[in-house]
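One structure is given below, encoded as structure tokens.
Reckoned from all heavy atoms, side chains included, excluding hydrogens, waters and symmetry mates. Whatever order the structure lists them in is the order used to number ligands and atoms, beginning at 1. The residues of the chain are indexed from 1 along the displayed sequence.
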Amino acid sequence: MSSLYTNSNDSKVSLTIEQARTQVIWYAIATYERDGRTAAGIVVDGALYDAEALLARTGGANVPLDVDTLVAHWDATSAATLADLERAARAVAEGTAGVAPQAGYRLQVPFTPRRIFAAASNYYEHAREMGTELAPREESTPYMFMKAETSVVPTLADVVMPAEAQRVDWEVELAVVIGRGGRHIAVADAFEHVAGYTVLNDVSARDLNRRTDYPFKHDWFRGKSFDTFGPFGPWLVPRACIAEPQNLRMRLAVNGETMQDGSTSEMIFSIAEQIHYLSSILTLQPGDVIATGTPTGVGMGRGIFLKPGDVMVASIDGIGAIENALVRA
Ligand code: ZN
């Protein structure tokens with residue numbers, strides 16, 4: 001129980017008792033670019049290894065070597081694939097892999113989301129800071145909207161502030177990745193449909209979220225779907241590596257100052273309830289991403305907004321951190 005796994009940016013991820021008991025090795029699946037080549041990577045102890053090279057040494061014939069394909073076929077291949085990936089990660093952790101970590105690489109988005117569903121107002125304190133009056137939970141269901149999947153950018157990519165936006169804001173969110181599709185998924189079965197987790201910064205132009213030229217007050221599609229408004233990553237952590245997804249500390253800092261510091265334990269509608277709700281409307285598909293809502297501490301609630309040059313770091317314990325600077329178009 002003494003081991004610590006390090007992810008990016010030096011944040012320590014301690015093993016939970018349950019993980020230690022079941023001997024789960026923490027690892028993540030990444031997509032990286034180096035010298036013009038894009039490839040899959042496996043992250044262990046904060047270092048990134050080329051998946052192909054690592055699996056060649058540890059016997060991973062089952063693994064498709066691009067993460068889009070891996071996620072798209074997650075359920076069909078998951079048992080064999082996860083065994084291969086976990087064996088490779090274990091070999092690294094035990095020092096028997098014989099493969100050097102990569103240097104000089106650039107992380108890409110871990111995979112291209114099929115769709116992005118996002119929960120509005122899913123934390124009570126955040127609802128309060130936004131002046132949102134909610135019905136009692138028992139009389140309510142999740143409020144989901146769609147954010148364009150083309151908005152995603154990797155860590156260290158710039159977020160481009162459109163010329164027409166003045167009030168650009170941050171939102172750290174746990175992103176749940178669907179690995180097994182389905183319709184009418186019961187709450188009790190929901191996690192069987194989860195491939196893993198990553199971080200999404202649901203960047204929002206608050207002024208463009210509002211409309212006065214229509215009787216409809218909100219236009220979240222517009223305010224949240226601009227190119228680059230979805231910093232996403234840094235990598236995909238398989239479900240088995242996160243013992244308590246409903247108890248993860250999540251933070252967002254701007255220029256080093258912590259703005260959001262919450263926990264996924266504060267969600268109004270849980271991950272499982274969101275999966276259940278969405279699957280009552282449509283068939284969830286592998287590669288779909290659910291951005292599960294943001295805790296209190298956004299700029300809107302503080303009366304401050306991002307300026308060009310500001311740097312956001314969105315992080316979730318047990319997953320990792322993404323860093324993105326704002327630039328003017
Ligand atoms: Zn959001």
Side-chain angles (χ1 to χ4, degrees), residues 109 113 115-134 140-153 155 159 161-162 165 167-178 197-211 217-233 245-246 248-254 259-271 273-275 277-278 288-302 304-306 312-316 319 321-322 324 326:
V109 289
R115 296 174 291 192
I116 301 174
F117 303 102
S121 207
N122 197 36
Y123 286 74
Y124 285 115
E125 289 295 319
H126 174 60
R128 258 189 287 281
E129 75 177 337
M130 300 295 276
T132 308
E133 286 202 30
L134 298 173
S140 183
T141 54
Y143 188 114
M144 308 298 298
F145 63 93
M146 289 185 78
K147 182 179 177 89
E149 67 278 7
T150 45
S151 67
V152 297
V153 287
T155 185
V159 171
M161 186 174 179
R167 302 180 139 204
V168 177
D169 203 349
W170 55 84
E171 294 189 351
V172 61
E173 307 203 12
L174 174 69
V176 174
V177 179
I178 298 297
Y197 307 94
T198 184
V199 182
L200 189 137
N201 182 354
D202 180 19
V203 175
S204 307
R206 303 292 183 198
D207 44 347
L208 301 179
N209 271 357
R210 298 224 156 236
R211 298 291 293 244
K217 286 194 299 187
H218 294 289
D219 191 346
W220 285 340
F221 167 73
R222 179 177 71 172
K224 290 170 177 281
S225 289
F226 284 95
D227 284 356
T228 74
F229 269 29
F232 182 66
Q246 216 62 80
L248 302 174
R249 189 175 181 190
M250 57 204 302
R251 276 165 286 194
L252 190 138
V254 178
M259 295 294 181
Q260 294 182 280
D261 187 352
S263 166
T264 59
S265 65
E266 300 159 8
M267 285 182 195
I268 299 173
F269 293 104
S270 68
I271 296 164
E273 287 169 330
Q274 293 183 52
I275 291 171
Y277 173 77
L278 279 168
D288 284 343
V289 168
I290 306 173
T292 53
T294 200
T296 190
V298 299
M300 183 88 167
R302 299 165 177 273
I304 54 171
F305 298 97
L306 293 164
M312 299 175 278
V313 176
S315 59
I316 301 183
I319 299 177
I322 48 176
N324 301 84
L326 193 80

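- When ring centroids are compared, Phe229 and Trp170 stay outside the 6.0 Å threshold.
- Listed by chain and residue number, Asp169, Glu171 satisfy the side chain to side chain donor-acceptor pair (under 3.5 Å) test with Arg206 (two or more places apart in sequence, or in another chain).
- Checked against side-chain contact (heavy atoms from CB on, under 4.5 Å), Asp261 has the following partners two or more places apart in sequence or in another chain: Arg249, Arg251, Thr258.
- Under the side chain to side chain contact (heavy atoms under 4.5 Å, CB included) test applied with Pro231, the options Asn201, Val199, Val172, Val109 reduce to a single match, Asn201.
- Aromatic ring pairs are classed by plane angle as parallel below 30°, tilted from 30° to 60° and perpendicular above 60°; the pair Tyr143 and Trp220 is perpendicular.
- Not counting sequence neighbours, the partners of Ala291 by the side-chain contact (heavy atoms from CB on, under 4.5 Å) test are Ala118, Glu173, Leu200.
- Each protein N, O or S atom less than 2.8 Å from the Zn ion (ligand 1) was counted, giving 3.
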